[in-house]
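Taking it in order: structure first as structure tokens, then the write-up.
Convention: sequence-line order gives letters A, B, ...; per-chain numbering from 1. No hydrogens, no waters, no symmetry mates; every other heavy atom, side chains included, goes into these values. Computed from a predicted model, the values in this text were never measured in an experiment.
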There are 2 protein chains.
Amino acid sequence: MESALQAGRFDVIVLDVMMPGTDGLTLCRRLREKSATPVIMLTAAATETDRVVGLEIGADDYVTKPFSPRELLARIRVQLRRAQAAPGAGRQVPNSCYRFEGWTLDPARRTLVSPAGALVEVTSGEFDLLLAFVTHPRMILTRDQLLDLAHGRAANVFDRSIDVQVSRLRRKIEVNPSDPLLIRTVRAGGYMFTPQVDTVDQDDGP
Amino acid sequence: MESALQAGRFDVIVLDVMMPGTDGLTLCRRLREKSATPVIMLTAAATETDRVVGLEIGADDYVTKPFSPRELLARIRVQLRRAQAAPGAGRQVPNSCYRFEGWTLDPARRTLVSPAGALVEVTSGEFDLLLAFVTHPRMILTRDQLLDLAHGRAANVFDRSIDVQVSRLRRKIEVNPSDPLLIRTVRAGGYMFTPQVDTVDQDDGP
DNA sequence: GCCGTTTGTAACGCTCCGTTACAAGGTGGC
DNA sequence: GCCACCTTGTAACGGAGCGTTACAAACGGC
């Protein structure tokens, strides 16, 4: 769980109490120290005290076994709805941008600025692909990974869409698109974004 | 209840379903139209469907009779804790407004003032849409979410009304409506409001 | 009821992107 | 070196997503 939490964002965590190893209550308390992700405890430990303790510790809801799947779903939706309604919550994009080789990619504005300072028009798909690259620089990314990172979907068997997107992106950011330096092809592997990428806090000045 | 709600602020509302006159579910739904005050349904109607419906309608929790007073207290505390943790919640001063890129949106007066200081006429629908954007900046909002946030309704299958509203809004606030920077389109995703938004207490003038 | 405003829907045209096809380039066996 | 096979680059096509306009329905002020 800990490594999964490191890797990505989660909307809701449903936690059993009775588990081998660390028990759910301890996990929940530890979670609360670092994160505000909603936690629903789901457990057979159904005494009044168990429930009160679970809720006091930081759980957002407490469902006891046996439980109704529909009700659990409804309670999960309550947590999602709340996260969405909360001001400033949700998956807001970070207020910082990425710089590489003079280029600036701004996730907040979804813009790309060339070394010369010109706004380069990129399509939504090209932007997402480039964002996937700059957030994973200097590592070989398979087409599968890129498709997942950029478009959140899995690849079909003969999927060549990433190749085409890369080709289109190269035309816009490579000095010489037929001899690409930024996005290198790794034969039988995928692609690799070669520049060093710096994350800089955006100047939101007037 | 209605007059009490008019009179003051409440942190949590505990609502019975079975009541003479208007039933709790209807009350809850009506509440949700105007307010985000947490609602805990407390009732003897304990079937699975009752609970699911209650939660779907907008209740934040659903406790069935017979209930443990300690557990109810714990669940009330969960709601209080959440309200406190939510940034900007509770403190929602009616006469504060939103500023972005020189623009000022004033929810209290329902007015929009341009960077130059001119009052820009926006329709009620455009205002609600813009309000949805400024309260959820820098996150990709689906058409569904926008429709819900701005008009409180769900989308039909071929609903394009948000597109049209966005187009109309862009005409009024974008420097170059054909190359929009404030409201960006995320293809197959929705729209994103890109500026940083500051909440400022309004100067109600001399 | 009448008229102006607002808003949802339909329609058209443009852009974007996935797919396909084919050519070019790389790789390994001989 | 030569050849067959695999991988990749890119052009072209067509479908889907989107922006915009026009029009009709709904709404509100009088």
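Nearer to the 5' terminus of DNA chain C, by closest-nucleotide assignment, is the contact made by B:Phe158 (compared with the other of B:Phe158 and A:Arg168). For the pair A:Val164 and A:Glu121, both in contact range of DNA chain C, the more 5′-proximal nearest nucleotide belongs to A:Glu121. Heavy-atom nearest nucleotides on DNA chain D were determined for B:Pro177 and for A:Arg170, and the one closer to the 5' end corresponds to A:Arg170.
Between B:Ile162 atom CD1 and D:dG19 atom P there is a gap of 12 Å when expressed in whole angstrom units. Protein atom CG of B:Asp159 is 11 Å distant from nucleotide atom C1' of C:dT7, rounded to whole Å. Regarding B:Phe127, its CZ atom lies at a distance of 18 Å from the C1' atom of C:dT7, rounded to whole Å. The CG-C1' distance, from B:Leu141 to D:dC18, rounds to 17 Å in whole Å. Nucleotide C:dT5 holds its C1' atom 11 Å from the CD atom of B:Glu126, rounded to whole Å. Rounding to whole angstrom units, CG of residue B:Leu146 and P of C:dG8 are separated by 13 Å. The nearest whole Å value for the distance from the CE atom in A:Met192 to the C1' atom in D:dT8 is 17 Å. To the nearest angstrom, P of D:dT8 lies 12 Å from CD1 of A:Ile140.
Two residues are said to be in side-chain contact when any heavy atoms from C-beta on lie closer than 4.5 Å; B:Leu141 and B:Met192 fail this criterion.
Under 4.0 Å is where a charged nitrogen must lie from a carboxylate oxygen, and between B:Arg99 and B:Asp198 no such pair does. Of the charged side-chain nitrogens involved, none lies within less than 4.0 Å of a carboxylate oxygen, so that A:Arg153 and A:Asp144 do not count as a salt-bridged pair. The existence of a salt bridge linking B:Asp60 and A:Arg81 is excluded, since no basic side-chain nitrogen approaches an acidic carboxylate oxygen closer than 4.0 Å.
If you check every strand for non-hydrogen atoms under 4.0 Å, B:Val122 touches nothing. Heavy atoms of A:Ser161 sit under 4.0 angstrom from at least one base atom. When heavy atoms are screened at a 4.0 angstrom cut-off, B:Val166 is found touching no nucleic acid atom at all.
The side chain of A:Arg160 has D:dG9 as its nearest neighbour among D:dA22, D:dG9, D:dA16. Side-chain proximity of A:Arg171 to the nucleotides C:dT19, D:dA11, D:dC18 is greatest for D:dA11. With distances taken from any side-chain atom of B:Tyr191 to the nucleotides D:dG19, D:dC23, C:dT19, the minimum falls on D:dG19. Checking D:dG9, C:dC17, C:dT9 against every side-chain atom of A:Asp163, the shortest atom distance belongs to D:dG9.
Contact annotation: A:Arg187 side-chain N/O to D:dT8 OP1/OP2 distance is not under 4.0 Å. Residue B:Thr123 places at least one side-chain N or O under 4.0 Å from the OP1 or OP2 atom of C:dT7. Between B:Thr185 and D:dC18, a side-chain N or O to OP1/OP2 separation shorter than 4.0 Å is absent. For B:Arg143, a side-chain nitrogen or oxygen approaches OP1 or OP2 of D:dC18 to under 4.0 Å.
Between A:Phe193 and A:Phe133, the two ring planes are parallel [angle under 30°; tilted spans 30° to 60°].
Between A:Arg110 and A:Ser124, the closest heavy-atom pair is NH2-OG, 3.2 Å.
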